[in-house]
Protein chains: 2
Amino acid sequence: MDCDPSMAEDRVAQACLLARQILDTEGWDAVTMRRLAAEMGIQAPSLYKHLRDKDQLKTALVAAGIGELGEALHAAGPDLAGLATAYRRWALAQPHLYDLATSGTLDRARLPEGLEDHAAQPLLDALGDQDRARAAWAAAHGLATLEISGRFPPGADIDAAWAAMVTAFEARPRRSRRA
Amino acid sequence: MDCDPSMAEDRVAQACLLARQILDTEGWDAVTMRRLAAEMGIQAPSLYKHLRDKDQLKTALVAAGIGELGEALHAAGPDLAGLATAYRRWALAQPHLYDLATSGTLDRARLPEGLEDHAAQPLLDALGDQDRARAAWAAAHGLATLEISGRFPPGADIDAAWAAMVTAFEARPRRSRRA
DNA sequence: GTCTATAGTGGGATAGAC
DNA sequence: GTCTATCCCACTATAGAC
């Protein structure tokens, strides 16, 4: 299942797009089957003729989020500073989808094969090896989530924190990267 | 309000300790007013003679979490590697409390004054300036949350990712730290 | 494919008697 | 400070008629 707008006459795609809309503006808790149905002009139980359960919807949104974030990174160019900016910008532009896609457990079996790897590829290319790439990904994720949830203290210079993260990971590690 | 065990005859402290216990073993969703009351041997409505609402309980647990994490960092010694290890160990030892204390919005007005600053002090000392300290804190937070929620791919070397983070932040930045 | 009706579950919180 | 009785809310999901 996906949320392709081109097939919006399909009830499934319609529900998915609507869910995305509600998610973006009000968060996942606001996405209920009753509300989806109401806004589609049908009764809630009728949704279950099209969707197996609510989790199917969630999975589709998570996949869309990971995919879009990956596209943003692929479009950003190879240097770490640009990747960080792209990552941050995408996360802040749709904070609820970012949270949904990156928090909590992930049922990899229900996601498209290779989706995560493809999204992470630009970071791997920029950092040189898996371990540094994972550390940098985690750093970006930490900064993004803390910024989204307003966890930095009121006067904090968040731009500078992102810049410090980029600086830290730009320096080559002591031992040369694996051949 | 706090969760001091020494005053466990107090209903408030009793509820708080019990909540902590349930949180640690089953997560925040398992902490319900009904269940707390049941395990205390009273009826749910009676809880509201002692607690204003459920959020009061949550705030106390969040404060306890931040405080304990801070203690772990203060006990760890000054070097970044040791701090990272202490951070990771504490987070993994009580993942549910860690999540509760670090995810979602934080109502600073209801937290003890200076609690966060005190907890963050060791990182500030180790990193030299606020921006690097915030970046490193975010990196540790990202690694911890991703590890707790099982977000790293099955074969990932998580130890190595933590080590790469420490290495990245150990190098001094290009410009000398502010005098 | 839609409807009505409803099951089943869970939650937070309040009123008022004792 | 405890109780009983309840209210309110919300949700996912199913059964069966049309």
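A note on names: the letters A, B, ... follow the listed sequences, proteins ahead of strands, and every chain is numbered from 1.
- Rounded to an integer number of Å, the gap from CD of B/Q43 to C1' of D/dG1 is 13 Å.
- Annotation: of the two residues near DNA chain D, B/H50 and A/D53, the 5′-most nearest-nucleotide partner is B/H50.
- Taking CG of A/L123 as the start and CD of A/Q130 as the end, the distance is 10.5 Å to the nearest 0.5 Å.
- Remark: B/R110 CZ is packed, more than 12 non-hydrogen atoms of other residues, nucleotides or ligands lying under 6.0 Å away.
- Positionally, the nearest nucleotide of DNA chain C for A/I42 lies more toward the 5' end than for the other of A/I42 and B/D55.
- Taking the screw axis at each terminus of the helix from C/dG1-D/dC18 to C/dC18-D/dG1 from five consecutive base pairs, the angle between the two is 10° to within rounding of 10 degrees.
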Contacts table for residues 151-165 of chain B: side-chain donor-acceptor under 3.5 angstrom, sequence neighbours left out:
{"residue": "B/R151", "atom": "NE", "partner": "A/G104", "partner atom": "O", "Å": "3.0"}
{"residue": "B/R151", "atom": "NH1", "partner": "A/A101", "partner atom": "O", "Å": "2.9"}
{"residue": "B/R151", "atom": "NH2", "partner": "A/A101", "partner atom": "O", "Å": "3.0"}
{"residue": "B/R151", "atom": "NH2", "partner": "A/S103", "partner atom": "O", "Å": "3.3"}
{"residue": "B/R151", "atom": "NH2", "partner": "A/G104", "partner atom": "O", "Å": "3.4"}
{"residue": "B/D157", "atom": "OD1", "partner": "B/D159", "partner atom": "N", "Å": "3.4"}
{"residue": "B/D157", "atom": "OD1", "partner": "B/A160", "partner atom": "N", "Å": "3.1"}
{"residue": "B/D159", "atom": "OD1", "partner": "B/R88", "partner atom": "NH1", "Å": "2.9"}
{"residue": "B/D159", "atom": "OD1", "partner": "B/R88", "partner atom": "NH2", "Å": "3.0"}
{"residue": "B/W162", "atom": "NE1", "partner": "B/E147", "partner atom": "OE1", "Å": "3.2"}

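- In this structure, the CG atom of A/L51 is 16 Å from the C1' atom of D/dC11, given to the nearest Å.
- For the pair A/R52 CZ and D/dA13 C1', the interatomic distance rounds to 13 Å; values are reported in whole Å.
- Using a 3.5 Å distance cut-off with no hydrogens or angles, the side chains of A/D117 and A/Q121 do not pair a donor with an acceptor.
- In this structure, the separation between CD1 on B/I148 and CG on B/L143 is 11.0 Å, given to the nearest 0.5 Å.
- Phosphate contact (OP1/OP2 of D/dT2, side-chain N/O of B/K49, threshold under 4.0 Å): absent.
- Across the protein-nucleic acid pair, A/Y48 atom OH and D/dC11 atom C1' stand 8 Å apart, rounded to whole Å.
- Taken to the nearest 0.5 Å, the CG atom of B/D125 stands 12.5 Å off from the CG atom of B/D79.
- Side-chain atoms of B/R34 come within donor-acceptor range of the base of C/dG12, with a qualifying N/O pair under 3.5 Å.
- Spacing between atom CG of A/L36 and atom P of D/dA10 amounts to 16 Å, rounded to whole angstrom units.
- Between B/R35 and C/dG10 there is no side-chain N or O to OP1 or OP2 distance below 4.0 Å.
- Regarding A/L57, its CG atom lies at a distance of 15 Å from the C1' atom of D/dC11, rounded to whole Å.
- With rounding to whole Å, A/R11 atom CZ is found 10 Å from C/dG1 atom P.
- Without hydrogens or angle criteria, A/D131 side chain to A/R134 main chain gives no donor-acceptor distance under 3.5 Å.
- Note on B/S46: every side-chain N or O is 4.0 Å or more away from OP1 and OP2 of D/dG1.
- B/K58 places its NZ atom 12 Å from the P atom of C/dG12, with the value rounded to the nearest Å.
- Non-hydrogen atoms lying under 4.0 Å from DNA chain C are contributed by B/T32, B/M33, all within residues 21-33 of chain B.
- The aromatic rings of B/H141 and B/Y98 sit tilted relative to each other, their planes meeting at an angle between 30° and 60°.
- Annotation: B/R89, atom CZ; neighbour count of heavy atoms from other residues, nucleotides and ligands within 6.0 Å does not exceed 12.
- Atom CD of B/E71 and atom NE2 of B/H118 lie 5.5 Å apart (nearest 0.5 Å).
- Among C/dT14, C/dG12, C/dC3, the nucleotide with an atom closest to any side-chain atom of B/K54 is C/dG12.
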